[in-house]
Amino acid sequence: MKTYKLRRPPASGRRIDLDAELNDQQRAVVQAGTGPLLVIAGAGSGKTHTLTCRMAYLVDQGVPADQILLLTFTNRAARAMKSRASELVGVNVSELWGGTFHSTANRILRRYADRVGYQSDYTIIDTEDASTLMKSCVAGAAVGHLERRFPKPRLLCRIASFAANTGEPLDQIIAHKYPYFETLIPEIEAILRLYQVRKHEMNLLDFDDLLHLWYRLLVEHDDVRKALSIQFEHVLVDEYQDTNYIQGAIIDLMASHHGNLMVVGDDCQSIYAFRGADYRNILEFPERYPDCRSFRLETNYRSTPQILELANQSIAFNRNQFEKTLVAHRPDGPLPSLFHLKDSTQQAYLVCQRILELLDEGQSLNDIAVLYRSHHHSMELQLEMTRCGIPFVVRSGLRFFEQAHIKDALSYLRFLFNPRDELAFLRLVKQWPHIGQKRGEDIWLFLSSQDDPLTAVTSERLVGALPSRAASSWSRAAALIDDLAGLRLAHSPEDLLGRLLDGEFRDHLQASYENADNRIKDLEQLATYSSQFENLDTFLGEIALLSGISGQEIGVGQTADDEYVCLTSVHQAKGLEWHAVFVLNLSDGDFPHSRALEDPDGIEEERRLFYVAVTRAKYELNLCHPLTRRTRGGAPVVLRQSEFIEELRDEHAFRGTPFPFEDLRIDSGP
């Protein structure tokens, strides 16, 4: 029997003025009708506004708000879009289901939890609670004999999360991302199984469980899948290029009855593979939905034609993409500048000088940003901005010297310089397994009572007073400290940091952090920086003075009362824009990252990252290429300019004027 659907007109009777709100491309998307729809929305093309108008248009056409599902990556974005849609249509659309994947999953699971083996009053645990439970599972699985090289609970949670979101087998994930743990795969598998059992016993869900159980609900229970997919006549998905394997599968299942699925995104801005995002979701959408209609939003309201020409020419080198050409709505601006600089120190001088010039030209600090591929690329700049009194925020994490792994390394140097520094010692000792706060304090009580704490670290009396596992761990720690102590007077801070990195401290980094390779590069950068200091006294004094003065950091959702330059990784900059943008370290091995150089897919993602970086600039774009880098030991290495610059110059596509470092005059340097 055929059905006839009754539409409910909006209570206010207000009609949306689509001609006033949208350009032709946007209007075509909003009025697209039914069926699967793929919207490729270029950078700065009004994607969010278009999606908001689509929601309002559907309600205006009589689709009940509670039959529309909007999936976003932040609840704040969903609330803003719903609020604006209400204004456009003159009707409160609060009944529209809008939110993140996780919040939507929670809403559905509260209704159907019993179908997947949980009670409806389950508790959602945060990352801290998950780490605590994982620590208990590590203890319960009795792998303490593995000592230092075993991954810490927080890292185990990250590994489990990546597996849950990508569907990849655990052994493949470890082989690819954590090869130094390959011999421990059976033990890791046992702990993760125990973690799942313990959560189920306590009726607990972590964030990844929300998606996994939502997926199971749709796959294993046909009646639930049918009820939900019938309920939502239209499914809209924002930032579709950032969805992972399980999110992509959930979307398809939720839209399986009506088939009215609109996904909006930009494959050229898919840059989160390291989190599990799978750009194939958007690239293969036409294959999964052969009858889909495709739309492109190509009018860019952010950047000048000169910046967009660079972006268009660069991304054209990617083979795996939906081709599009961004067209500027703004008038002409200056050509992008390419600066060839002696090294990262001169790069920092240049950026600070140009920021001060922009201030003199009347530009707000809030409209200036410095972007980089890796956090350690900003170390010299943070120091120079502090010296110059230029306030800044760091969106990509903590200030360089506030990061845990930097403090961990410096705690050894601080204790070597001042063996009475209790704070440094307690931070140092807790990095070793089986030595917690209380045990560390006990060790310190003994050392502080001795005439020479550095000599006393290897005391047999101290080792003999500790329980066996703590004694074994402390013996290794004491051997490392004793080794460093023997070098401290005759060697530079660079040598001491190098010795630290070459020893068991590297195991600590690999066991503690998901991105251990980046942390190691941070410390190698710190070691290189320390080479200009002859002794620990001057080096630690400089760090103490510079790390606590001017730099600021704010979290997501916070605001700053004063003006600050924004320092951020490109990953954290996505979705943002500034009048003037600097992109640092455009040298091969830095940007693109060295890990991507032999991987075609990796290079394409790095080029997408470069595309995101340059399209953050509205008017002024400054690209920086340091010509040399000093290695540990002092030898300079000549750096080729980034592949992304070379390929543009080879194709005669780069329209900027290179700025040779020998012609650069930096008045604000020391």
Side-chain angles (χ1 to χ4, degrees), residues 22-43 45-48 50-51 53-55 57-58 68-73 101 165-167 215 218-219 225 229 232-273 276-300 311-312 315-327 574 600-601 603-605 607-608 611-612:
L22 305 163
N23 64 33
D24 291 344
Q25 291 179 334
Q26 294 168 336
R27 195 179 308 110
V29 170
V30 169
Q31 296 179 311
T34 58
L37 308 170
L38 171 63
V39 182
I40 304 301
S45 63
K47 164 184 66 67
T48 300
T50 303
L51 195 53
C53 288
R54 170 68 175 181
M55 291 160 48
Y57 176 78
L58 291 174
I68 300 173
L69 172 61
L70 168 68
L71 293 170
T72 65
F73 277 85
F101 284 87
N165 285 293
T166 62
Y215 173 73
L218 298 173
V219 170
R225 181 182 69 250
S229 62
F232 297 112
E233 184 180 348
H234 288 269
V235 177
L236 312 176
V237 185
D238 192 17
E239 301 287 6
Y240 186 61
Q241 79 282 346
D242 293 335
T243 55
N244 57 40
Y245 165 81
I246 197 166
Q247 289 168 333
I250 287 170
I251 290 166
D252 290 341
L253 291 166
M254 290 294 290
S256 58
H257 181 79
H258 294 289
N260 297 328
L261 171 61
M262 173 181 282
V263 298
V264 183
D266 183 4
D267 56 296
C268 293
Q269 296 187 72
S270 179
I271 58 174
Y272 297 120
D278 191 343
Y279 75 100
R280 291 175 299 183
N281 283 349
I282 191 168
L283 282 183
E284 296 174 0
F285 189 84
E287 297 176 20
R288 296 200 311 281
Y289 295 91
D291 58 337
C292 83
R293 287 176 292 153
S294 297
F295 300 83
R296 281 167 172 71
L297 303 181
E298 297 175 303
T299 301
N300 177 285
N312 287 330
I315 202 63
F317 285 93
N318 271 14
R319 296 183 177 181
N320 298 310
Q321 64 165 308
F322 294 111
E323 292 184 5
K324 62 180 177 301
T325 302
L326 295 178
V327 178
K574 185 171 172 290
D601 287 341
I603 282 291
E604 292 216 346
E605 173 142 343
R607 191 177 287 108
R608 294 195 293 268
Y611 176 83
V612 168

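Residue numbers start at 1 and run along the sequence shown. A quick note: this is a predicted structure, and the numbers were derived from the prediction, not measured.
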Q | Sub-4.5 Å side-chain heavy-atom contact between L297 and T50 | A | yes

Q | Shortest non-hydrogen separation from F285 to L261 and the atoms involved | A | CE1-CD2, 3.7 Å

Q) For the residue pair T166 and G276, what are the closest heavy atoms and their distance? A) CG2-CA, 3.6 Å

**Q.** Residue that, paired with M254, satisfies side-chain contact (heavy atoms from CB on, under 4.5 Å) out of L71, V237, L218
**A.** L218

Q | Student check: side-chain heavy atoms of I282 and V263 closer than 4.5 Å | A | no

Q. With a 4.0 Å cut-off, would you call K47 and D266 a salt bridge?
A. no

Q | Pairwise side-chain contact, C53 with Q26, heavy-atom cut-off 4.5 Å (strictly under) | A | no

Q: Show your reasoning for whether salt bridge (charged side-chain N to carboxylate O under 4.0 Å, His left out) applies to E604 and R607.
A: CA-CA 5 Å; E604 292 216 346; R607 191 177 287 108; 5.0 Å; no

**Q.** Check: E323 main-chain N/O paired with R296 side-chain donor or acceptor under 3.5 Å
**A.** yes

Q. Hey, what do you get for CG (D252) to CD (Q247), rounding to the nearest 0.5 Å?
A. 12.0 Å

Q) Can you name the nearest heavy-atom pair linking C292 to P286, along with the distance? A) SG-CA, 3.9 Å

Q) When rounded to the nearest 0.5 angstrom, what is the spacing between CG in L253 and OG in S229? A) 8.5 Å

Q | Sub-4.5 Å side-chain heavy-atom contact between Y611 and I271 | A | no

Q. About how many Å separate NE2 of H234 and OH of Y57, when rounded to the nearest 0.5 Å?
A. 10.0 Å

**Q.** N281 and Y240: CA distance, side-chain angles, deciding distance, side-chain contact (heavy atoms from CB on, under 4.5 Å) verdict
**A.** CA-CA 8 Å; N281 283 349; Y240 186 61; 4.0 Å; yes

Q. If you measure from CD on Q25 to CD1 on I40, what distance do you get to the nearest 0.5 Å?
A. 12.5 Å

Q: Taking all heavy atoms of D242 and all of A277, pick out the closest pair and write down the distance.
A: O-CB, 3.5 Å

Q. Under the side-chain contact (heavy atoms from CB on, under 4.5 Å) criterion, do M262 and V29 qualify, and how do the steps go?
A. CA-CA 9 Å; M262 173 181 282; V29 170; 3.7 Å; yes

Q) With sequence neighbours left out, what residues match R280 under side chain to side chain contact (heavy atoms under 4.5 Å, CB included)? A) D278, E284

Q: Taking all non-hydrogen atoms of both residues into account, name the closest pair between E239 and K574 and its distance.
A: OE1-NZ, 3.0 Å

Q) Tell me, do Y289 and L37 make a side-chain contact under 4.5 Å, heavy atoms counted? A) no

Q. Who passes ring-ring contact (aromatic ring centres under 6.0 Å, His included) against Y245, sequence neighbours left out?
A. none

(Q) Does F232, at its CZ atom, have more than 12 non-hydrogen atoms belonging to other residues, nucleotides or ligands within less than 6.0 Å? (A) yes

Q) Hey, is the main chain of T325 close enough, under 3.5 Å, to the side chain of E298 for a donor-acceptor pair? A) yes

Q: Evaluate the side-chain contact (heavy atoms from CB on, under 4.5 Å) criterion for residues V264 and T48: first the C-alpha distance (whole Å), next the side-chain angles of each, then the deciding distance (0.1 Å), finally the verdict.
A: CA-CA 9 Å; V264 183; T48 300; over 6 Å; no

Q) Considering only heavy atoms from C-beta outward, does the side chain of N320 approach that of Y279 to under 4.5 Å? A) yes

Q) Any side-chain donor-acceptor pair under 3.5 Å between N244 and Y272? A) no

Q) Would you say N300's side chain and A43's backbone share a donor-acceptor pair under 3.5 angstrom? A) yes

Q: Might you work through the side-chain contact (heavy atoms from CB on, under 4.5 Å) test for K324 and N312, ending with a clear yes or no?
A: CA-CA 8 Å; K324 62 180 177 301; N312 287 330; over 6 Å; no

Q) Side chains of F101 and T243: closer than 4.5 Å at any heavy-atom pair? A) yes

(Q) Taking L283's backbone N and O only, do any of them form a donor-acceptor pair with D267's side chain (distance below 3.5 Å, no angle check)? (A) no

Q) Taking C-beta and beyond as the side chain, do R608 and I315 meet within less than 4.5 Å on heavy atoms? A) yes

